[in-house]
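The shown structure was predicted, so the numbers you read here are calculated from the model rather than taken from an experiment. So you know, we letter chains A, B, ... as the sequences are listed, proteins then strands, and number each from 1.
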Amino acid sequence: MEYDPSVIEEKWQKFWRKKNTFKTSYPSQLAKFYVLDMFPYPSGAGLHVGHPLGYIASDILARYKRHKGFNVLHPMGYDSFGLPAEQFAIQTGQHPSITTESNISRYRQQLDRIGFSFDWDQEIRTSDPKYYKWTQWIFIQLFNSYFNLDTNKAESITKLINTLSREGSANINAARHKDQNCSAKEWAEMNTSSREEFLQQFRLAYRSKSMVNWCPELGTVLANDEVSEGYSVRGGHPVSQRMMMQWSLRISAFAERLLSGLENLDWSDSLKETQKNWIGKSNGAFVKFNVIDSSNKSIEVFTTRPDTIFGVSFLVVAPEHSIIKEITIPSQKKEIESYQKTTKKRSERERQTNVKNISGAFTGSYAKHPVTGEKIPIWISDYVLLGYGSGAIMAVPGHDGRDWRFAKHFKLPIIQVVDGGDVQKSAVEGKEGKIINSNFLNGYEVKDAIWKALENMKKNNWGSPHVQYRLRDAVFGRQRYWGEPIPIVYRDGVPETVDLSELPLKLPEVDSFLPTKDGDPPLARAKDWNLSKNLIRETTTMPGWAASSWYFLRFMDPKNSTTFADQQKINYWNQVDVYVGGSEHSTGHLLYSRFWSNFLCDLGLIPFSEPFKKMVNQGMIQGVSAFVHRLNNSQTYVSSNSIKGRLTQRIPVDIKLINERNELNISGFKNWLPEYKDSEFELNDGILTVEREVEKMSKSKHNVISPDSICDDYGADALRLYEMFLGPITQSKPWDTKGINGITGFLRKSYRLLEKDRSDIESLGEKKIVHKLIDKVTRDMDSLSFNTSISAMMIAVNDLTGLKEIHINSLKAFTIILSPFAPHLAEEMWELLGGETSISREPFPICNNEYLQEDLIKYPVQFNGKTRFFIEVRFDMKAKEIEQEVLNHEKTQNYIQGKSIKKIIIVPKRIVNLVII
RNA sequence: GCCCAGGUGGCGGAACUGGUAGACGCGCACGACUCAAACUCGUGUACCUCUGGUGUGCGGGUUCGAUUCCCGCCCUGGGCACCA
């Protein structure tokens with residue numbers, strides 16, 4: 001009887017499917033446990049071994065929790081709207097739904113082979129109208145809500161409208177992006193269009209202008225990473241910055257709650273830190289600078305360092321700022337306009353990244369310093385972004401690096417206002433030191449001076465304290481086809497939501513997935529999309545993150561057609577207990593889902609505001625790429641170790657053509673691609689060696705390893721264990737199939753334990769082995785660091801194999817512990833041990849600490865911190881006795897050699913250290 | 001540039017709260033089994049100028065004792081708002 005995964009795994013996968021072993025039960029008397037994976041975007045490339053890393057970890061946890069008696073929700077689905085399918089559609093004309101469908105079935109096949117305990121009855125697909133009906137429904141709720149700052153909650157817009165008609169806007173304290181006000185009378189006199197325009201400043205889903213990377217050639221907006229040096233990555237067309245009217249969501253209203261909500265979450269500190277930085281709360285002030293001369297224009301700046309007000313030597317305004325037109329003097333007009341033009345070509349990313357490249361232009365105007373009354377020049381530069389603060393800054397070159405570089409470059413004065421360092425040599429940026437050259441602030445420590453300055457500005461009316469968040473409202477419209485249509489109709493240009501009975505508003509058929517000639521999004525091509533001449537439909541679609549912002553709720557009740565999820569079910573399943581996914585989502589997706597949860601909670605639709613109690617970020621699995629060296633201008637390939645200064649090209653070659661000793665499969669290489677058919681080789685003993693490198697797994701690098709091929713060769717259990725054994729779940733690590741032999745060896749040994757002679761009574765020795773294992777595995781569960789659990793299992797198997805005979809209880813306990821990790825083998829072993837049903841809900845063994853106690857403890861004996869020898873003593877020996885034992889030891893005198901003992905340190909159960917001088 | 005994470009043998013990694021650095025596995029070497037190979041089993045395996053010394057990216061510091069704490073650097077990976 002040999003371990004044969006191909007037979008065992010198929011048998012048990014069939015069994016699970018037939019018996020519906022992992023069906024989620026509801027209602028249930030059991031305590032619930034919700035463990036969720038970030039669902040995948042089904043790409044055409046299929047899964048590689050990196051993808052299931054997190055799924056395996058969460059599956060182990062899900063299976064463990066079933067053993068622990070929980071009712072587990074462990075679902076899977078597909079985030080099936082997205083750009084790649086649309087791109088493929090543009091190229092081939094094939095409808096994205098077809099591509100998506102076939103990608104999904106490929107994913108499903110791949111997932112099924114790994115033996116996950118997903119309940120596939122709970123599957124969801126975000127591109128399914130039955131799903132996106134509710135994504136659209138939530139959008140409508142957002143449209144119909146505003147954020148009341150008095151109650152600190154999202155509330156119905158109807159309430160706001162009532163207030164407006166009763167008393168106007170005077171007492172309304174709400175999150176808004178404009179400052180338009182009205183009296184009750186004015187409100188009453190407004191027509192529909194003006195009212196809507198007025199309400200837009202409050203709605204949580206609203207239209208506003210925002211800056212985008214516009215590519216006229218492609219007729220679309222591009223992501224920052226689709227733009228390089230002012231040209232589109234795809235096609236190389238020019239891209240420029242442009243203001244565009246777009247749907248946005250008012251996430252900024254929730255900034256403070258998203259920040260404070262982090263406190264009680266069981267997330268890693270670094271993840272919380274990333275979110276905090278993204279939200280970017282800063283305490284500071286708006287300071288008003290009046291422009292000298294004409295009219296009464298003024299520039300408002302935001303600063304976190306009002307204490308440095310006396311160090312201001314110029315103002316910098318974002319090149320897109322509307323005031324520039326009004327303040328630029330005629331002689332500077334040309335320069336300013338040409339600078340604005342250049343800026344348009346740079347993406348926001350480039351502007352933030354490339355800080356060494358200093359540029360700017362002078363408007364020719366001056367502002368009056370609000371305290372000293374001095375003349376301050378007004379410049380524009382692309383290092384100031386319109387989207388943050390007020391789009392203008394007061395430059396304090398002495399104490400800010402960017403301002404300093406700017407001042408040096410344009411030879412502007414640098415004033416020192418905090419002591420320490422020399423501001424002519426570099427900016428003094430720290431928040432420590434005393435204020436100098438600053439009138440009433442002189443002598444104060446920075447911290448006190450900030451406070452003092454805020455006080456003074458309030459008194460003398462030169463500014464107002466303000467809390468600023470970096471978090472911007474999220475642009476919600478996309479000029480694409482393959483996404484959820486935004487359920488909005490414009491009646492005579494006034495946006496209104498479509499009637500709920502019309503949901504889902506399905507994606508229309510179009511003749512092409514490209515924008516129209518006029519640059520309208522693809523939906524504008526749909527026939528009969530508009531209802532009439534004055535009833536025009538929205539043509540943008542929702543972004544990828546819309547659907548994923550609430551999918552964890554739909555998993556609780558995926559087939560409900562009357563509501564997004566049943567209240568009772570939401571109450572039962574509640575928050576996600578453990579959420580596993582990549583750290584690349586640590587800001588976007590995680591922040592947006594928290595935002596939507598907060599919002600739905602305010603509306604009373606869900607009983608919690610934080611969706612994910614515990615979050616675990618899995619690391620990446622990198623691929624090992626192989627390169628062959630080809631002599632330049634030839635078809636001759638040489639071994640990587642015999643290049644010897646010859647000029648060669650490195651050519652990536654399929655990793656499957658390389659064996660364990662880095663040797664190329666030469667005939668395989670010739671047949672791999674037609675271009676290599678006539679290759680010649682310079683061989684050493686018939687061998688050509690290649691070079692290896694670790695990098696991201698990707699198709700173009702030919703270093704992708706698919707889970708299927710591993711399942712074929714070694715089995716799913718081996719794949720599962722090996723992925724976990726590679727290292728801590730949170731860390732990135734390279735894949736190297738070689739190491740999997742250790743795992744198959746372990747599985748075989750585990751299976752062979754069943755052949756051992758059985759004993760009638762459990763020995764103390766085997767109890768110690770088993771309980772040590774229970775203890776380790778149980779403790780590892782929390783952190784999902786299963787690499788150490790697996791090595792503990794290996795140790796246990798080795799130890800048990802060493803015993804003459806084993807009791808069936810030890811075998812059963814071991815099999816249950818193994819089962820979350822290698823479920824197929826465990827089921828098979830369980831059956832052979834006499835189990836009559838699936839092992840999946842057998843109670844997990846409990847550790848008895850009694851068996852963890854060792855009788856003898858080996859103490860390392862150190863002299864001045866260097867280990868010299870060991871003594872073995874009973875575990876309960878007192879410190880004094882140990883000390884005597886050491887002093888009496890024959891070797892002790894050797895190390896003392898006339899010196900005297902200054903101190904003896906005994907750490908119980910750890911170490912003995914003698915300090916000698 | 002800013003933010004976050006990481007750097008330990010030939011390789012993946014282990015080391016609970018400052019207490020034997022290198023568990024476990026791969027690889028490698030030797031041996032057993034075998035006609036032979038594979039499988040399996042056993043032994044060894046950080047490095048060096050080896051009765052001793054050096055070692056956890058580099059340079060300092062705190063400590064009886066530092067992979068672990070502090071300060072200053074270097075390198076690699078991830079994110080930076082329309083890729084998902």
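For I905(A), counting side-chain heavy atoms from C-beta on, the closest listed nucleotide (G19(B), G78(B), C3(B)) is G19(B). If you check G79(B), G19(B), C64(B) against the side chain of I911(A), the one that comes closest is G19(B). Taking only side-chain atoms of I795(A), from C-beta outward, the nucleotide of U20(B), C24(B), A81(B) with the closest atom is C24(B). Set against G25(B), G79(B), C82(B), the side chain of T587(A) has G79(B) as its closest nucleotide. Distances from the side chain of K738(A) to the nucleotides C24(B), C26(B), G12(B) place C26(B) closest. Considering only side-chain atoms of R478(A), the nucleotide from C82(B), G78(B), G25(B) that sits closest is C82(B).
Using a 30° and 60° split on the angle between ring planes, W545(A) and F476(A) fall in the perpendicular class, above 60°. The aromatic rings of H589(A) and Y579(A) sit perpendicular, their planes meeting at an angle over 60°, well past the 30° parallel limit. The aromatic rings of Y107(A) and Y78(A) sit perpendicular to each other, their planes meeting at more than 60°, with 30° as the lower class boundary.
Counting only Watson-Crick and G-U wobble pairs whose two key distances fall under 3.5 Å, RNA chain B forms stems of three or more stacked pairs at B:1-7 with B:74-80, B:10-12 with B:24-26, B:27-32 with B:40-45, B:46-48 with B:52-54, B:57-61 with B:69-73.
Separation of the C1' atoms belonging to A66(B) and G18(B) is 7 Å when rounded to the nearest angstrom. Going from the C1' atom of C58(B) to that of A14(B) covers 24 Å, rounded to whole Å. Atom name P, nucleotides G65(B) and A15(B): the rounded distance is 25 Å, in whole Å.
F746(A) comes within 4.0 angstrom of no nucleic acid atom, judged by non-hydrogen atoms across all strands. Backbone-only engagement by P728(A) is indicated by non-hydrogen atom pairs under 4.0 Å involving sugar-phosphate atoms exclusively. Residue N913(A) is classed as a base contact, given a heavy-atom separation below 4.0 Å to a base. Within 4.0 Å of Y41(A), counting heavy atoms only, lie sugar-phosphate atoms of the nucleic acid but no base atom. Among the heavy atoms of the strands lying under 4.0 Å from R748(A) are primed sugar atoms or P, OP1, OP2 only; no base atom is included. Within the 4.0 angstrom heavy-atom criterion, no nucleotide atom of any strand lies near G582(A). Within 4.0 Å of L471(A), counting heavy atoms only, lies at least one base atom of the nucleic acid. Nucleic acid contact class of N617(A) (heavy atoms, under 4.0 Å, all strands): none. Among the heavy atoms of the strands lying under 4.0 Å from K733(A) are primed sugar atoms or P, OP1, OP2 only; no base atom is included.
RNA chain B is contacted by G82(A), L83(A) of residues 82-91 of chain A, taking any non-hydrogen atom closer than 4.0 Å.
Regarding F476(A), its CZ atom lies at a distance of 15 Å from the C1' atom of A81(B), rounded to whole Å. Atom-to-atom, NE2 of H585(A) to C1' of G79(B) comes out at 12 Å; the value is rounded to the nearest Å. Atom CD1 in I916(A) sits about 15 Å away from atom P in C64(B), given to the nearest Å. Per the geometry, CH2 belonging to W735(A) stands 13 Å off P belonging to G13(B), to the nearest Å. Atom CZ in F821(A) sits about 18 Å away from atom P in C24(B), given to the nearest Å. When the P atom of A66(B) is taken as reference, atom CD of Q862(A) falls 9 Å away, rounded to whole Å. In this structure, L590(A) atom CG and C3(B) atom P are separated by 21 Å, rounded to whole Å. With rounding to whole Å, F870(A) atom CZ is found 12 Å from G19(B) atom C1'.
Between N787(A) and A23(B) there is no side-chain polar atom (N or O) within less than 4.0 angstrom of OP1 or OP2.
Checked against ring pair (Phe, Tyr, Trp, His ring centres under 6.0 Å), H409(A) has no partners two or more places apart in sequence or in another chain. The side-chain hydrogen bond (donor to acceptor under 3.5 Å, both in side chains) search around S282(A) returns Y388(A), not counting sequence neighbours. Residues meeting the salt bridge (Lys or Arg N to Asp or Glu O under 4.0 Å) test with R472(A), sequence neighbours left out: E348(A). Evaluation of the salt bridge (Lys or Arg N to Asp or Glu O under 4.0 Å) rule for D79(A) yields no partner, not counting sequence neighbours. In this structure, the salt bridge (Lys or Arg N to Asp or Glu O under 4.0 Å) partners of R594(A), at least two apart in sequence or on a different chain, are E610(A). For Y859(A), there are no ring pair (Phe, Tyr, Trp, His ring centres under 6.0 Å) partners at least two apart in sequence or on another chain. Among residues two or more places apart in sequence or in another chain, the salt bridge (Lys or Arg N to Asp or Glu O under 4.0 Å) test is passed with D37(A) by none. Looking at residues two or more places apart in sequence or on another chain, you find no side-chain hydrogen bond (donor to acceptor under 3.5 Å, both in side chains) involving S791(A).
Aromatic rings from W596(A) and Y551(A) are positioned such that their centres are separated by 6.0 Å or more. Taking the centre of each ring, F746(A) and F725(A) stay at or above the 6.0 Å mark.
Glycosidic conformation of G42(B) is anti; the angle lies outside 90° of 0. More than 90° away from 0 lies the glycosidic angle of C64(B), which makes this nucleotide anti.
Counting distance only, with no hydrogens placed and no angle test, the side-chain atoms of Q246(A) and the base atoms of C82(B) include a donor-acceptor pair under 3.5 Å.
The side-chain hydrogen bond (donor to acceptor under 3.5 Å, both in side chains) analysis of residues 722-735 of chain A, with sequence neighbours excluded, yields the pairs W735(A)-T737(A).
Positionally, the nearest nucleotide of RNA chain B for T788(A) lies more toward the 5' end than for the other of T788(A) and K749(A). With RNA chain B read from its 5' end, the first of the two nearest nucleotides for N864(A) and S732(A) is the one closest to S732(A).
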Query raised in the report: Once each nucleotide of nucleotides 50-57 of chain B is scored for protein heavy atoms under 4.0 Å, what B/S/- sequence comes out, 5' to 3'?
Result: ---SS---
